[in-house]
J.: 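Mind having a look at this structure? Questions to follow.
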Amino acid sequence: MREKKTTVPVSKNPVVQLDFYFQEQPDSADLDTVFYSPFRKLTWNDFKGKPSSDGPSAALSYTSFSYEGSSRIYKDTLHISLQLQVFFIKSASWVRPEYETPYVLNHEQLHFDITRVVVERFKQRLKQTPLNRDDYDSVIQFQYLEAFREMNRLQYAFDRETHNGLNAAAQAVWHDKIAMALKNNGNFPEELGNDINNIQLKPY
């Protein structure tokens, strides 16, 4: 993540305006990165890595997120722009050939969807966080680190609750929870008063 600052005279109490943009890039088989899009689901061809020689996992998806920031002053307003990237790394993701099934692929797609949900939650928290010109960059970085920790907890909880996808009923519940969160600014059903399942976010 990179923060670009411009040196411009600033009024003592500028208004802070925060804008978000998601990085979009044409899909290409030559690229090692897949940027998240609701219109572009993962395929087994995206899994280019070599399967681990140990461990029970059928597949592994390397998903993560980052941001790049810039700021400028216009009149009495400090404009902060954050470009958000939600991505999947092909060379670090793998599948064992005998597990290349639609069900297992759906499990891996849900991991990618969870990362997108976490970024939406990161975005919504920033919208609710007071920012000022003196320390906005450190506040954003703090919230980014908190979101990164939340992503790890959620990914772990998803695998734990579904037994790495072996529990089809639990995976169906997670599918519905994640779908609702994607449509509701990252809010899970229980946060919307629709308690179809409780996620116990335990550190690991």
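What you are looking at is a predicted structure, and each value in this text was computed from that prediction instead of being measured. Residues take their numbers from the sequence shown, with the count starting at 1.
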J.: Which heavy atom in P51 sits nearest to a heavy atom in R96, and how many Å separate them?
T.: CB-NH1, 3.9 Å

J.: How long is the straight-line distance from CG of D30 back to CG of D32, given to the nearest 0.5 Å?
T.: 11.0 Å

J.: Hydrophobic side-chain clustering at under 4.5 Å (ILVMFWY, transitive links): who's grouped with L60? Put none if nobody.
T.: W94

J.: Any idea how F158 and W174 line up, ring-wise: parallel (<30°), tilted (30 to 60°), or perpendicular (>60°)?
T.: tilted

J.: Under 4.5 Å between any side-chain heavy atoms of F47 and E100, yes or no?
T.: no

J.: Could you tell me whether a side-chain N or O of N152 sits under 3.5 Å from a main-chain N or O of R149, the two making a donor and an acceptor?
T.: no

J.: Check for a donor-acceptor pair, side chain of S61 on one end and backbone N or O of T63 on the other, with a separation under 3.5 Å.
T.: no

J.: Treating K90 as the side-chain partner and L31 as the backbone partner, does any N or O pair qualify as donor plus acceptor under 3.5 Å?
T.: yes

J.: How long is the span from the CG atom in D19 to the NZ atom in K127, to the nearest 0.5 Å?
T.: 9.5 Å

J.: Main chain of G165, side chain of Y103: is a donor-acceptor contact present, judged purely on distance under 3.5 Å?
T.: yes

J.: Can you list the residues that meet the ring pair (Phe, Tyr, Trp, His ring centres under 6.0 Å) rule with F148, with sequence neighbours excluded?
T.: F65

J.: Can you tell me how far CD1 of I140 sits from CG of L82, rounded to the nearest 0.5 angstrom?
T.: 4.5 Å

J.: Same hydrophobic cluster for L42 and I89, using side-chain heavy-atom links shorter than 4.5 Å among ILVMFWY?
T.: no

J.: May I ask whether F22 and Y144 are part of the same hydrophobic cluster, defined by side-chain heavy atoms of I, L, V, M, F, W, Y residues being less than 4.5 angstrom apart, directly or through others?
T.: yes

J.: Less than 4.5 Å apart, any side-chain heavy atom of I73 and any of R133?
T.: no

J.: Could you state whether Y67 and L131 fall into the same hydrophobic cluster, counting links through intermediate Ile, Leu, Val, Met, Phe, Trp or Tyr residues with side-chain heavy atoms under 4.5 angstrom apart?
T.: yes

J.: Step by step, work out the side-chain contact (heavy atoms from CB on, under 4.5 Å) result for D46 and S93.
T.: CA-CA 8 Å; D46 296 322; S93 304; over 6 Å; no

J.: CE of M180 to CD1 of I178: how many Å apart, nearest 0.5 Å?
T.: 12.5 Å

J.: F87: what forms a ring pair (Phe, Tyr, Trp, His ring centres under 6.0 Å) with it, not counting sequence neighbours?
T.: none

J.: Can you see which heavy atom on T115 is nearest to which on S64, and at what distance?
T.: CG2-O, 3.5 Å

J.: N132 side chain to D134 main-chain N or O, any donor-acceptor pair under 3.5 Å?
T.: yes

J.: Could you list all the salt bridge (charged side-chain N to carboxylate O under 4.0 Å, His left out) pairs where at least one residue sits in residues 113-122, not counting sequence neighbours?
T.: R116-E120, E120-K123, R121-E150, R121-E191

J.: Do E68 side-chain atoms and Q83 backbone N/O form a donor-acceptor pair below 3.5 Å?
T.: no

J.: Can you measure from OH (Y36) to CG (L182) and round to the nearest 0.5 angstrom?
T.: 4.5 Å

J.: Who are the side chain to side chain contact (heavy atoms under 4.5 Å, CB included) partners of A170, not counting sequence neighbours?
T.: T162, N167

J.: Work out which heavy atom in V117 is nearest to a heavy atom in G186; give both atom names and the distance.
T.: CG1-O, 3.9 Å

J.: Would you call the rings of F88 and F112 parallel, tilted or perpendicular, taking 30° and 60° as the class edges?
T.: tilted

J.: So M151 and V119, do their side chains get closer than 4.5 Å, heavy atoms only?
T.: no

J.: Holding to ring pair (Phe, Tyr, Trp, His ring centres under 6.0 Å), I want the full list of residues that pass it with F122, two or more places apart in sequence or in another chain.
T.: none

J.: List the steps, then state whether side-chain contact (heavy atoms from CB on, under 4.5 Å) holds for S81 with R72.
T.: CA-CA 9 Å; S81 296; R72 66 182 181 89; over 6 Å; no

J.: Will you find, in the side chains of N164 and H107, an N or O donor that is under 3.5 Å from an N or O acceptor?
T.: no

J.: Are the side chains of F188 and L154 in contact, using a 4.5 Å heavy-atom criterion?
T.: yes

J.: Check whether more than 12 heavy atoms from other residues, nucleotides or ligands sit under 6.0 Å from atom CZ of F142, and answer yes or no.
T.: no

J.: Could you tell me the separation between the CG atom of L84 and the OH atom of Y21, rounded to the nearest 0.5 Å?
T.: 11.0 Å

J.: Can you tell me if F35 has over 12 outside heavy atoms packed within less than 6.0 Å of its CZ?
T.: yes

J.: Using the rule that Ile, Leu, Val, Met, Phe, Trp and Tyr join whenever any side-chain heavy atoms are under 4.5 Å apart, tell me whether F20 and Y74 fall into a single cluster.
T.: no

J.: In this structure, would W44 and V34 fall into the same cluster of hydrophobic residues linked by side-chain contacts under 4.5 Å?
T.: yes

